[in-house]
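On a predicted model such as this, the values are computed, not experimentally measured, just so you know. Side chains are part of it too, since the values below use all heavy atoms of this structure and drop only hydrogens, waters and symmetry mates.
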Amino acid sequence: MEITTINTELVAKMFLAGAKNLDAKKEWINELNVFPVPDGDTGTNMSMTIMSAAREVSALEKPEMKALAKAISSGSLRGARGNSGVILSQLFRGFTKVIAEYDEINVQILSDSFQKAVETAYKAVMKPKEGTILTVAKGMSDRALELCDDTEDLVYFCEEVIKEGDRVLDLTPEMLPVLKQAGVVDSGGQGLMQVMKGAMDALLGKEVDYTIEGAEKVKKAPESTGTSYNIEAQANQEIKFAYCTQFLIMLDTPITLQQENEFKSYLETIGDSIVVVADDEIVKVHVHTNDPGLAMQRGLTYGSLTTIIIENMKLERDEKISALKEKEMQSAGIPEEKEEKPEEPPKEMGFISVSIGEGINEIFKGLGVDYIIEGGQTMNPSTEDMLNAIEKVNAKTVFILPNNKNIILAANQAASLVEDKKIIVIPTKTIPQGITALINYIPDSTPEDNEQRMSSEISMVKTGQVTYAVRDTVIDDKEIKQDDFMGIGDSGILSVGQNLEPTVMDMMKQLVDEDSAIVSIYYGEDTKEEDANALGEKIGEAFPDVEIEVHYGGQPIYYYVISVE
């Protein structure tokens with residue numbers, strides 16, 4: 001069977017077949033993740049990336065090649081999730097730049113498209129690492145270049161390219177010791193090979209189900225409160241200052257009466273309902289304000305902060321009123337009316353943050369974040385999620401805090417697609433880094449100065465995260481069994497054990513040093529408050545010179561997220 005050209009219809013079928021094959025193998029690919037954490041998601045990220053494009057392709061009716069190329073490129077770019085998904089989208093972006101100019105594809109055009117795909121993907125990654133999906137793609141691209149002058153048969157050409165991809169994939173453990181130690185090949189490279197093999201099935205005319213199901217979004221109905229309220233009376237209540245802000249200042253030196261009065265006077269300029277109670281070691285602060293960050297920044301001039309509680313009173317009121325109105329209108333059979341609000345002028349700077357739990361969400365909101373993208377460890381947000389968030393933040397400059405190393409590429413990709421706002425991605429890799437970045441934001445500074453300051457300060461934070469292993473493996477000479485507890489630091493796995501508390505303490509011994517001053521513990525949704533407090537006391541006993549803070553994070557999967565500063 002010899003094929004010398006591929007038309008648009010067959011290209012579309014090959015792409016959809018590749019997408020379906022990857023989607024079918026995503027859980028198997030997830031299992032190849034080196035770190036045996038329960039959020040291993042390379043397969044999921046790549047699948048969601050390509051399926052976003054597949055939905056756009058399947059919606060086309062008899063498209064020309066240019067329209068097909070655009071659907072593949074834009075769909076994968078906007079749907080890209082995680083580093084592997086972003087790299088896959090960049091491969092498609094480069095590939096489609098070439099094929100868009102032709103009605104039919106031959107061996108030479110296909111080879112050119114492979115070269116452009118690899119070139120585009122390598123440019124998108126700041127520090128390309130060999131032994132990854134990039135290496136597998138380059139291996140196939142190099143083989144394609146060798147073959148293009150030797151044959152016109154696309155079947156033979158593609159078979160040989162895929163053989164080379166498999167060969168390079170098998171070599172990835174030799175390029176990355178961590179893969180060899182774990183006994184796996186690169187998961188991103190394996191995902192790419194499944195796309196290629198699915199496409200090959202379509203080229204050979206094998207029976208493939210090309211149906212792509214669209215994602216259905218179901219809105220959850222508001223829960224009934226079971227209580228009758230005077231809605232209009234609540235709606236008319238004026239909330240001049242939205243955030244109820246409370247925190248403690250652990251004083252560096254005793255605060256004088258003059259300093260206390262100056263602090264109160266400053267708080268009066270930014271809010272009301274002010275309570276400041278001081279003794280020799282601690283100041284308790286309560287204020288209603290529209291900018292909790294300003295109150296905390298002033299508090300930091302006297303010492304370190306702890307027990308931070310911030311509640312958005314206006315949001316809570318508006319959500320309650322909205323739910324009650326909707327319930328009342330539904331009961332009366334009245335259709336919902338959407339009120340058009342006048343567009344407000346954009347503020348100078350705004351913030352988007354990725355978050356992982358309701359407690360963490362509240363902390364970010366209290367620090368001035370305009371829009372929270374929930375996901376983080378358990379589900380990496382897509383480029384589309386980032387773009388939607390950027391659209392909703394009414395600011396000239398928007399800072400994005402990815403708070404996960406696997407989200408930074410998607411954030412950068414979203415930033416490159418925005419033209420009407422200045423987008424600055426602060427490369428935060430953990431939740432504690434995101435919190436530190438926000439605390440060091442100064443409203444009166446320029447976006448550039450803030451970017452420099454925030455990026456610099458996040459390097460001062462060390463993060464530890466505690467979860468459990470989903471399979472047996474060996475990493476960094478540590479033998480890990482399924483269901484073992486793991487303490488994961490910024491550079492890898494620090495501790496492993498069968499009991500939670502000793503595993504945490506072993507991790508803390510590696511995180512805390514003589515320069516450490518504050519340890520903040522954020523406990524997860526499956527951790528009891530009393531257990532978190534008990535752990536905080538034990539860490540405090542082990543490291544008496546370090547101040548301990550315990551907060552509810554509400555994150556899934558991770559029992560504790562701990563920052564050391």
Show the numbers, then the answer: is there a side chain to side chain contact (heavy atoms under 4.5 Å, CB included) between T436 and M460?
CA-CA 9 Å; T436 296; M460 308 299 290; over 6 Å; no
Closer than 3.5 angstrom, by distance alone: can the side chain of [X] be matched with the main-chain N or O of [Y] as a donor-acceptor pair?
X: Q259; Y: T256; value: yes
X: S89; Y: V86; value: yes
X: D472; Y: Q482; value: yes
X: T383; Y: L77; value: yes
X: R81; Y: N380; value: yes
X: N388; Y: D385; value: no
X: S52; Y: M48; value: no
X: T467; Y: I557; value: yes
X: S495; Y: T503; value: yes
X: S382; Y: E384; value: yes

Before giving the answer on side chain to side chain contact (heavy atoms under 4.5 Å, CB included), spell out for M507 and M486 the whole-Å C-alpha distance, their side-chain angles and the decisive distance to 0.1 Å.
CA-CA 9 Å; M507 178 184 73; M486 298 183 298; over 6 Å; no
Hey, does [Y] have a side-chain heavy atom less than 4.5 Å from the side chain of [X]?
X: E260; Y: E262; answer: no
X: L300; Y: I439; answer: yes
X: I424; Y: T397; answer: yes
X: P443; Y: Q297; answer: yes
X: N30; Y: S187; answer: no
X: I521; Y: I548; answer: yes
X: I408; Y: K429; answer: yes
X: N45; Y: N406; answer: yes

Derivation and outcome, ring-ring contact (aromatic ring centres under 6.0 Å, His included), residues Y523 and Y559
CA-CA 6 Å; Y523 61 94; Y559 302 105; over 10 Å; no
Evaluate whether atom [atom1] of [X] has more than 12 neighbouring non-hydrogen atoms of other residues, nucleotides or ligands under 6.0 angstrom away.
X: E530; atom1: CD; value: yes
X: K347; atom1: NZ; value: yes
X: E448; atom1: CD; value: yes
X: K421; atom1: NZ; value: yes
X: Q510; atom1: CD; value: yes

For residues [X] and [Y], report the shortest heavy-atom separation together with the two atoms involved.
X: P402; Y: V425; result: CG-CG1, 3.8 Å
X: S355; Y: N361; result: OG-OD1, 2.5 Å
X: G85; Y: A80; result: O-CB, 3.8 Å
X: S304; Y: D252; result: N-OD1, 4.5 Å
X: A414; Y: M386; result: CB-CB, 3.5 Å
X: L305; Y: G299; result: CD2-C, 4.0 Å

What distance do [X] atom [atom1] and [Y] atom [atom2] have between them, rounded to the nearest 0.5 Å?
X: I352; Y: Y371; atom1: CD1; atom2: OH; value: 8.5 Å
X: F485; Y: Y560; atom1: CZ; atom2: OH; value: 10.0 Å
X: I435; Y: I431; atom1: CD1; atom2: CD1; value: 6.5 Å
X: E362; Y: H551; atom1: CD; atom2: NE2; value: 14.0 Å
X: L438; Y: N450; atom1: CG; atom2: CG; value: 10.5 Å
X: D506; Y: L494; atom1: CG; atom2: CG; value: 8.5 Å

Evaluation steps, side chain to side chain donor-acceptor pair (under 3.5 Å), between Y552 and E525
CA-CA 8 Å; Y552 174 60; E525 64 180 7; 5.7 Å; no
Steps toward salt bridge (Lys or Arg N to Asp or Glu O under 4.0 Å) verdict (R453, E451)
CA-CA 6 Å; R453 182 184 307 103; E451 178 183 11; over 6 Å; no
Steps toward side chain to side chain donor-acceptor pair (under 3.5 Å) verdict (Q90, Q413)
CA-CA 10 Å; Q90 290 295 322; Q413 184 154 280; 2.5 Å; yes
Contacts of type side chain to side chain contact (heavy atoms under 4.5 Å, CB included), residue K462, not counting sequence neighbours
D490, L511, D513, S516, V564
Contacts satisfying ring-ring contact (aromatic ring centres under 6.0 Å, His included) that involve residues 387-445 (not counting sequence neighbours) are F351-F399, F351-Y441
Distance only, no hydrogens: is a donor on one side chain within 3.5 Å (strictly under) of an acceptor on the other, for [X] and [Y]?
X: Q433; Y: N403; answer: no
X: Q498; Y: D483; answer: no
X: S520; Y: E549; answer: yes
X: T132; Y: D186; answer: no

Under the ring pair (Phe, Tyr, Trp, His ring centres under 6.0 Å) rule, collect the residues that match up with F247, sequence neighbours excluded.
none
Applying side chain to side chain contact (heavy atoms under 4.5 Å, CB included) to I270 and D291, what does each step give before you reach the verdict?
CA-CA 7 Å; I270 63 169; D291 198 332; 6.0 Å; no
Set out, in order, the CA-CA distance, both residues' side-chain angles and the distance that settles side chain to side chain donor-acceptor pair (under 3.5 Å) for E344 and N394, then state yes or no.
CA-CA 8 Å; E344 296 181 0; N394 189 22; 5.2 Å; no
With a 4.0 Å cut-off on N to O distance, would you call K538 and E541 a salt bridge?
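Salt bridge absent between K538 and E541.
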Check the pair M505 / I539 against side chain to side chain contact (heavy atoms under 4.5 Å, CB included), numbers first and verdict last.
CA-CA 7 Å; M505 294 306 296; I539 293 174; 3.7 Å; yes
